[in-house]
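Presented below is the structure to which this report refers.
Residue numbering restarts at 1 for every chain, and letters A, B, ... go by the order of the sequence lines.
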Amino acid sequence: MELEEAKELKERCSQCDAISWGLTEEGKYYCTSCHNVTERSKEVINTDIIPNTKIKYISRGLKRKSKFEKGWDWYVCEGFQHILCQQAEALKTLGVAPEVKNEVLHNFWKRYLQKSKQAYCANPVYTSRRKAQVLEDRVHHSDWTNGPELLSDANCTSCLESGAESQSDVPAPKPFPAPKAPQSEAASVCSGSVDGIEYSEWKEKGVVKMTVPGTLALCYLSLLWQRETVTLSDLLRFVEEDHIPYIKAFQSFPEEMKLYGRDKGIFAIESWPDYEEIYKHTIEIATFLDLPRFPDITEDCFLHPNVLCVKYLMEANLPDEMHGLTHQVTKMTGMGDVDSLTFDPIAKAARTVKYDVQAAALIVVVLKLLFLLDDKAEWSLSDLAEVHNEKNKTDKPWFNFRTWYQVMKKSVDEKKLKWEEARAKYMWKSKKPLYFSHIDKSVAYKRREMVVNLQKQFSALANSTPTVEKKSPSSFQFRWAKDDPARPCFHGHSLQGVLLKKGPALVTKNSLYWLSTQKFCRSYCKHVTTYEESNFSLSYQFILNLFSFLLRIKAALLHDEVSLIEKKLFKKKYSEAKKNSRSRKVKR
Amino acid sequence: MTDFSEELTRPGSEDDQVEISAVSGTGMHFPWLQEHLDAVATRGKKKKEFAQTTGACLSFIKEALLKHQWQRAAEYMCSYLQILEDFDSNKRQSATEIVWKLGSEVLFYHPESSTETFNTFADQMKNIGVLNYLKISLQHALYLIHHGMLEEASRNLSQAETWRYGEKSSSQETLINLVQAYKGLLEYFSWSERKMELSKLDKDDYAYSTEARNIVSHSWKTSVNFNALIKTPGVWDPFVKSYVEMLEFSGDRDGARKVLTSYAYDEKFPANPNAHVYLYNFLKREKAPRAKLLSVLKILYQIVPSHKLMLEFHLLLKKSEKEEHRKLGLAVLFGLLDFAGCTRNITAWKHLASYLRQILMQNHLAWVQEEWKSRRNWWPAFHFSYFWAKSDWKEDKDLAYEKALIAGMLLGKGCRYFRYILKQDHQGVKKKIKLMKKSVKKYSIVKPPSLCLAVGLPILQELQHQARAVPPARIILEIEELASNHNGGQLLFGLDSHLYIFTGDGGQPGGPFGKFGSVQNNGHSRFIISIVEDEAGEDSLGFQAPAHSAQTAPARQRHQREQRCFCCDSSRCAISHQAPVLPRMPSFSSVLCD
């Protein structure tokens, strides 16, 4: 095989004049008869084997290899681009429309590069930083001002699909040939990427630096733009279930993109994405990108509370009839308004709605309206329902809070335990070990190998059936079925037991209500209220915990949202109630 | 293997100390400062959930190990191993030890693991935690020994012995000594096997002498291994024992004695009863004079009064001419029987019975009383209760006879135990019973009480005279009277059915609680004592409450409650049928103090 490949060289050997060449391991030719090694090396011609076309650019641009690491020179933003590309690919396999990747995310990313002056601009940040060093070499690269033109290029929108090819045409992060200063030489020792050190020390006012959580925020932004049927909590859950590359995303970098030293701090992630953190990041990036008002969230959108409530009612195994009530509450509070739902980063106080949290909070409020959740009313109501169900077995059964609680408690606890076990078993370390410098490299690889060996040994002793089979992605975490006695379904149950007919309208049997928060925090600390678990009834705690587990958020966050909805809902009633001196009573 | 886990937390704490001293620099310790610094360091950064994962994983492994779910533990081990790749080198260091301990535990118990898997695991771990190399090889060798692979273990140990990594630290030195000693122990094993074979050979055989010579030289070689370790302070029982055996075999008695004496008497060594036992056995084999043996056993008596050698000690003391020794002999027996483990030791009881008789015959009543004084409160319930009488009679009649005799002598013939045994069927041993009755009558130390709440006893004695149904009196509380005034006075039942005893404080006029503030100072510490009997109490007049604190008495005496009240120097009182005046003393209208 080797010999065959080496046939392209038709020169005669300088020592023995024979034409029979072989290839050394370094890709150099050697004479098979006299073992004389030439200076000529084999060109990389076959580009098909390179997994990502973006690399094409790098290989084209750079034949120079680093002294210490035989890899390509690459830039940090290229790393992020690779991760983004993979995340978009994963989203596509999850069933998101392909436009998210090709048009939206691609454009966002280009815009980001431009805004942060990393590419598509007259004076990219790298060059200005390196100006002094590479002044003499700049003559060759006089053509890089054409970056911005590419943005308007129509054919560019589709090219993200084939890897990050657009990036390959971006002239900005051009390699800087032969940095001669000893300082930069030392720098290349400490990071695999060309600009790893500069990037980690890069502090510029008004610039949002890209991070790995930032890539998720960008993904969410593009999903939001497309009004896709994925909420932020869903996105993070998919990350957690390993359907979207995030924690070890750098693993899939091509072999030649060496990652070590400072790159570790940039790309290695040691914690799960946090809902609030990503949420903040999203707003930050959106304002930084100076994005226009997002497409309207109307009533037929997935993110509209009416639709989301149906989803969470099904997920939480609550009766469908509750949807009418959530709809009413949405209307009364004005939360269904297009203006309040649509994200507008340019607006003065840019904020977007936490759609999923809001929908869950709506359901909590409705549950409070129906059952009061004071550890008394809900149980006496379920007594009534039980008696009724006993008597009329043929009718549509009344919703019984107690049986629902028992079913939910059991299945949530099971699920939680499984979740905790899966978290405890999660492997954080990638197959490619990370190290600080090339000195550590062998140690890191050796350690990796050893761990793999040990793991092999212990996995042989573990259960023969691997329990952690990868779940297929689903936006539902629970499955309820009517026929399954272990997971009975309450969707069809009626709310007759808790509603009274009064004239043409239905009124809740329970006429009381308590507010989750009496007084809102008005200070500048930004939090609305605090959630001290022990102050609240047990059933309220249970319901908060149930939904916060479904959304993988803190219960306090949901409590905040519930309080905010109540604030809107009872604003009018409060003033009325003051007049009638009947406080905290709601009748509808 | 299970013992390893207790050391799990240690490396962590060591690291902490290092960090703290590094921070403060001057050698001062500011634990709070470290916390603050940590908080500052991590405030900006995100918390690392890698640590959380491994922590959760560790607790799952621990849980699985506790529940003996080895497969599950192995499953979690797989993911726990990633801690070896932690970026934090400190954590990585301590993790190797934890991984080794957990892993060896799993491999030791897992039904599907074999010696090969353990060996490969151990070899891998040795190379990861270089600092733990010696420890791991030692434990590896122990594992091999456990599975009977002595040769492999020995090879392993000799490998570890020659291993060096950097400068030899002091902790490594002891470990190396330990490794050598274990190697010696293995050699000792083969040596003693050969010795066994030798004993089978005929002495006149030609092979015998050569074999014997071989063995002697072998023992010389082996004993070198022990030498270093035995000099460092510690508990080295198996090594010392085998070392001495080999020294003795090769005829080096002086050397053996030297080793044993330093092992027993060197102050640097921790107190070790076995050291004294070995020394005693050695001296006994050597037929050393009795005084020497006694001195060794005396120390053992102070460390472990319940040791089985105490019976030998007693016999030695009994034979001694010195009065002091014979008195000690009694104390030794009593001390031995103080322990729950010796309650069924029939030889001890037999010795005690005969010795008591002997001593009382020689008119040393004071000795017996001295020993009995501290035990009077709890021995009756501990040894001579109704329950013991029944069970002893059922299980071991001889023991019951011995105990009955002693009970009779110590508690008088009214004692429950004695009476129960007497009532049983004694066919064939009538003579024995007769003898027992006689000696109880003759030697019983219970005489009419000297001073014992003079108010109470006459009434009981009167009652006893009148009707035989009343059980015999029992002393429940005795208070020494030191001064002539401030004495006890009244004795009455309160409305709460407690018996109230007004003791006074036995003090001297003028000095409130001076030298003679007896009640204050001598453990009765309070001045009114009330005793109540629960319904569960068996005794018809069972005011058996311990006069001292309940801690010395065994738990079976919980039937009675004792309540004491504070009140200054009270001697008399009257009962009020109205509301209680004093909170802790219901139903007294007035308390009189003199």
Contact check, side chains of K425(A) and F60(B), non-hydrogen atoms, under 4.5 Å: no
Heavy-atom side-chain proximity of M125(B) to L454(A) below 4.5 angstrom: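 They are in side-chain contact.
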Is it true that atom [atom1] of [X] has more than 12 heavy atoms of other residues, nucleotides or ligands lying nearer than 6.0 Å?
{"X": "K280(A)", "atom1": "NZ", "value": "no"}
{"X": "F288(A)", "atom1": "CZ", "value": "yes"}
{"X": "E414(A)", "atom1": "CD", "value": "yes"}
{"X": "K410(A)", "atom1": "NZ", "value": "no"}
{"X": "K416(A)", "atom1": "NZ", "value": "yes"}

For the student: nearest non-hydrogen atoms of G103(B) and F458(A), plus distance: CA-CZ, 3.7 Å
Heavy-atom pair with the smallest gap, counting every atom of T53(B) and Y426(A):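 What the structure gives for the nearest pair is CG2-O, 3.7 Å.
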Residues in residues 79-86 of chain B that sit under 4.5 Å from chain A, counting heavy atoms only: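 Listed by number, the contacting residues are S79(B), L81(B), Q82(B), L84(B), E85(B), D86(B).
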Residues L461(A), L107(B); criterion side chain to side chain contact (heavy atoms under 4.5 Å, CB included); working and verdict: CA-CA 9 Å; L461(A) 293 177; L107(B) 290 181; 3.1 Å; yes
Residues which pass salt bridge (Lys or Arg N to Asp or Glu O under 4.0 Å) with D356(A), listed by chain and number, not counting sequence neighbours: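 With sequence neighbours excluded, D356(A) shows a salt bridge (Lys or Arg N to Asp or Glu O under 4.0 Å) to no residue whatsoever.
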N/O donor-acceptor pair under 3.5 Å between E49(B) side chain and W272(A) backbone: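 Looks like yes, one N/O pair under 3.5 Å.
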Which atoms of K264(A) approach chain B - backbone, side chain, both or neither, heavy atom under 4.5 Å: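 Looking at K264(A), just its side chain touches chain B.
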Which portion of V99(B) sits near chain A, non-hydrogen atoms under 4.5 angstrom: neither
Chain A contacts, top residue of A51(B), G55(B), C78(B) (heavy-atom pairs, under 4.5 Å):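 Among the listed options, the one with the most contacts to chain A is C78(B).
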Atom [atom1] of [X] and atom [atom2] of [Y]: how far apart are they, to the nearest 0.5 Å?
{"X": "Q124(B)", "Y": "Q457(A)", "atom1": "CD", "atom2": "CD", "value": "5.5 Å"}
{"X": "C57(B)", "Y": "E421(A)", "atom1": "SG", "atom2": "CD", "value": "10.5 Å"}
{"X": "S459(A)", "Y": "E75(B)", "atom1": "OG", "atom2": "CD", "value": "10.0 Å"}

Partner chain B: residue of R448(A), R447(A), Q455(A), K456(A) with the largest heavy-atom pair count (under 4.5 Å):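 Ranked by heavy-atom pairs under 4.5 Å with chain B, first place is R447(A).
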